[in-house]
**Q** 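Pasting a structure below so you can have a look.
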Protein chains: 2
Amino acid sequence: MSQQRHGSTPGSGSGNVPAFPDLPEATIARLPEYLRALHNLGEGGSDTISSEGLAAAAGVNSAKLRKDLSHLGSYGTRGVGYDVALLIEQIEYVLGLDQRRAVCLVGVGNLGHALAGYDGFASRGFKIVALLDADEAKVGEVIHGLAVRHIDELAQVAVEESIAIGVIATPAGAAQAVADELVAAGVTSILNFAPCVLSVPANVDVRKVDLAIELQILSFHEHRKATLTALPGGRSATGAGNQEAVGS
Amino acid sequence: MSQQRHGSTPGSGSGNVPAFPDLPEATIARLPEYLRALHNLGEGGSDTISSEGLAAAAGVNSAKLRKDLSHLGSYGTRGVGYDVALLIEQIEYVLGLDQRRAVCLVGVGNLGHALAGYDGFASRGFKIVALLDADEAKVGEVIHGLAVRHIDELAQVAVEESIAIGVIATPAGAAQAVADELVAAGVTSILNFAPCVLSVPANVDVRKVDLAIELQILSFHEHRKATLTALPGGRSATGAGNQEAVGS
DNA sequence: AGGCGCTTGTGAAGGCGTGCACAAATCGCG
DNA sequence: CGCGATTTGTGCACGCCTTCACAAGCGCCT
Ligand SMILES: NC(=O)c1ccc[n+]([C@@H]2O[C@H](COP(=O)([O-])OP(=O)(O)OC[C@H]3O[C@@H](n4cnc5c(N)ncnc54)[C@H](O)[C@@H]3O)[C@@H](O)[C@H]2O)c1
Ligand SMILES: NC(=O)c1ccc[n+]([C@@H]2O[C@H](COP(=O)([O-])OP(=O)(O)OC[C@H]3O[C@@H](n4cnc5c(N)ncnc54)[C@H](O)[C@@H]3O)[C@@H](O)[C@H]2O)c1
């Protein structure tokens, strides 16, 4: 394991060299979950936490958690557990949360309003620095201290604020056009709420959130449960059930 | 393959026997995507569609799509493609979308408001039949023709409306309690927007949507791209980039 | 009727992720 | 100082998923 990577911790060096030994996608999708659990535990006063305990708090298998964390390096102490503060620092560093990330939100409609007012972004190092819409009637409206600007100003704002992440909350029909504009403005990560497939250059990452799909997956399981009425075991009320989560 | 399963199609029989040859989870997570693409194509006038075409529309590999569809049975015609209408019917049947599914929404705050007004649910066979909140000030408020009711009425409404799916849009602190109440009321599928792990009986399905996690994953990739400034190939502008999607 | 091009359905291989089980390491205590 | 309790880090095996590649099947054209 990389025992000499201990020195190169977040706060210290700025231009620290090496890209991480490319973590498995499945792992990085779980890191935010661990981070949240750690924050909760930190407030609880705990100084260290065992893999078992943290795994329980994050809702995963403890072996999986240890393997995930081992990819970041060796930040635990055998016989003791993980130092909560240090681990938080490490994960935040790996996720790039030590630097505030500017986000722009395009489409200030029903959903956009909710997102604009959501404090769960700011508390994780994300700051919405621009609200954009094509509807002239919405331009100028102030939401949580931020005025809605016209979409045509995107390129300008993106440069001014060094925006790398964009959120699309427009109707599906406009999403591709908006994505193109975001890309043109230099955005390299997009979170898309519109139910459609986006086509973007290879260097741009897209993540999609589609509530209808989630419901349809649940519907399938409902359908399945319904057709299996005659299940031999009956209902077994286990403590922690089957938790499915987003992630690619 | 199962050539005799053709007769047992959706519309016809009601109490049709067999549970599907349990589809892979990865497949069922993609079926809604195919379904949306098919609906778009259907409006476009196409009568049949090739796996290549549908795969492109859904943003997946064509071999994967064929394998996914082959799990439902053989509904394509070699040399021609898939009959759009038939395939839609099939997928909707498998997902259990042929019957309207009643949904209740708990927590009518910022996010809850947006969800309550979202028409993307109804258009997919889901109907929000109850809005519930603990805040007396919100009880009675009418949103899109539906009045907010007090959470204490959950059990009653759940039975009246045969609610099997519940959506949680309350603060994280209240989510577990709400989940317990939903389970007690007979709900067997939960879509959770609160950033926390829910503990439920084994027969209950939970899916989580956490926007902060999505952003953190994007942040990681931003961080990675930033540290890799010296990438040999430069930016290769491929047509369809890397599309990550939700799903477990 | 026969051949040709096109498309599906699938066998097989490879990669990824998961979870078990255990050796190595650390702490506390006698 | 040594020993036992505890917990991490990981080698390994298994299963799922993805992807390639191709035979089988279908329609159309001659
Ligand atoms: N409301 C929800 O709860 C919800 C849930 C899941 C997904 N979605 C999806 O999110 C998207 C937005 O939903 P909504 O309910 O907020 O819709 P909405 O119609 O209320 O808002 C859309 C906003 O986008 C703006 N817009 C349209 N074209 C634009 C363009 N080219 N550039 C910039 N802005 C543009 C409109 O002016 C409007 O303000 C939709 O794709 C919807 O399917 C919504
Ligand atoms: N707003 C967003 O864009 C957004 C985005 C992602 C996730 N979320 C998450 O969704 C949840 C809701 O967010 P929000 O911004 O709508 O919060 P909010 O505070 O605006 O709304 C929460 C609502 O839940 C109600 N509530 C509280 N306790 C309840 C209980 N025990 N039973 C029933 N109702 C109860 C409150 O009365 C309130 O109306 C939070 O967990 C938040 O983290 C919100």
Side-chain angles (χ1 to χ4, degrees), chain A residues 1-6 21-31 33-34 38 41 46-84 86-87 90 240 242-245 247-248, chain B residues 1-6 21-31 33-34 38 41 46-84 86-87 90 240 242-245 247-248:
Chain A
M1 69 210 70
S2 58
Q3 67 281 26
Q4 79 280 27
R5 275 182 49 60
H6 267 281
D22 61 323
L23 315 184
E25 274 293 317
T27 293
I28 74 164
R30 281 187 295 266
L31 288 181
E33 207 94 49
Y34 301 155
L38 282 167
L41 290 167
S46 305
D47 204 23
T48 63
I49 179 73
S50 72
S51 66
E52 202 77 40
L54 182 53
V60 302
N61 183 299
S62 69
K64 182 160 28 182
L65 179 134
R66 286 198 298 276
K67 184 151 291 187
D68 282 343
L69 295 187
S70 76
H71 288 138
L72 318 184
S74 218
Y75 293 107
T77 305
R78 297 177 189 222
V80 178
Y82 297 91
D83 181 289
V84 174
L86 176 61
L87 198 51
Q90 271 306 316
N242 29 329
Q243 202 94 250
E244 328 265 348
S248 86
Chain B
M1 71 213 64
S2 58
Q3 67 281 26
Q4 78 281 25
R5 274 179 53 60
H6 268 282
D22 60 321
L23 316 184
E25 272 294 317
T27 293
I28 72 163
R30 281 187 295 265
L31 288 181
E33 208 94 48
Y34 303 155
L38 283 167
L41 289 167
S46 305
D47 205 21
T48 62
I49 178 74
S50 71
S51 66
E52 202 77 38
L54 182 53
V60 302
N61 184 299
S62 70
K64 180 155 40 178
L65 178 132
R66 285 198 299 276
K67 183 148 291 188
D68 282 342
L69 295 187
S70 77
H71 288 138
L72 317 185
S74 216
Y75 293 107
T77 307
R78 299 176 188 225
V80 178
Y82 297 92
D83 182 287
V84 174
L86 175 60
L87 198 50
Q90 270 306 315
N242 29 330
Q243 203 94 247
E244 328 265 348
S248 83

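What you are looking at is a predicted structure, and each value in this text was computed from that prediction instead of being measured.
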**Q** Examine D/dG9: is either OP1 or OP2 under 4.0 Å from a nitrogen or oxygen in the side chain of A/Tyr82? Give yes or no.
**A** yes
**Q** Could you check B/Glu52 against A/Asp68 and say which one's nearest nucleotide on DNA chain C is further toward the 5' end?
**A** B/Glu52
**Q** Does B/Ser51 put a side-chain nitrogen or oxygen below 4.0 Å from OP1 or OP2 of C/dT8?
**A** yes
**Q** Answer yes or no: does a side-chain N or O of B/Asn61 lie under 4.0 Å from OP1 or OP2 of D/dC17?
**A** no
**Q** So, does the side chain of B/Lys67 form a donor-acceptor pair with the base of C/dT10 at under 3.5 Å?
**A** no
**Q** Under 4.0 Å between a side-chain N/O of A/Lys64 and OP1 or OP2 of C/dG19, yes or no?
**A** yes
**Q** Taking CG from A/Leu65 and C1' from D/dT8, how many angstroms apart are they, rounded to a whole number?
**A** 11 Å
**Q** Can you check whether A/Thr77 has a side-chain N or O nearer than 4.0 Å to OP1 or OP2 of C/dT26?
**A** no
**Q** If only side-chain N and O atoms of B/Arg30 are considered, is one of them under 4.0 Å from the OP1 or OP2 phosphate oxygen of D/dT18?
**A** yes
**Q** Of the listed nucleotides (C/dT7, D/dT19, C/dT18), which one gets closest to any side-chain atom of B/Ser50?
**A** C/dT7
**Q** Taking the side chain of A/Arg78 as its heavy atoms from C-beta onward, which of D/dT19, D/dT8, D/dA24 lies nearest to it?
**A** D/dT8
**Q** Give a yes/no on whether any side-chain N or O of B/Arg66 is located under 4.0 angstrom from OP1 or OP2 of C/dG11.
**A** no
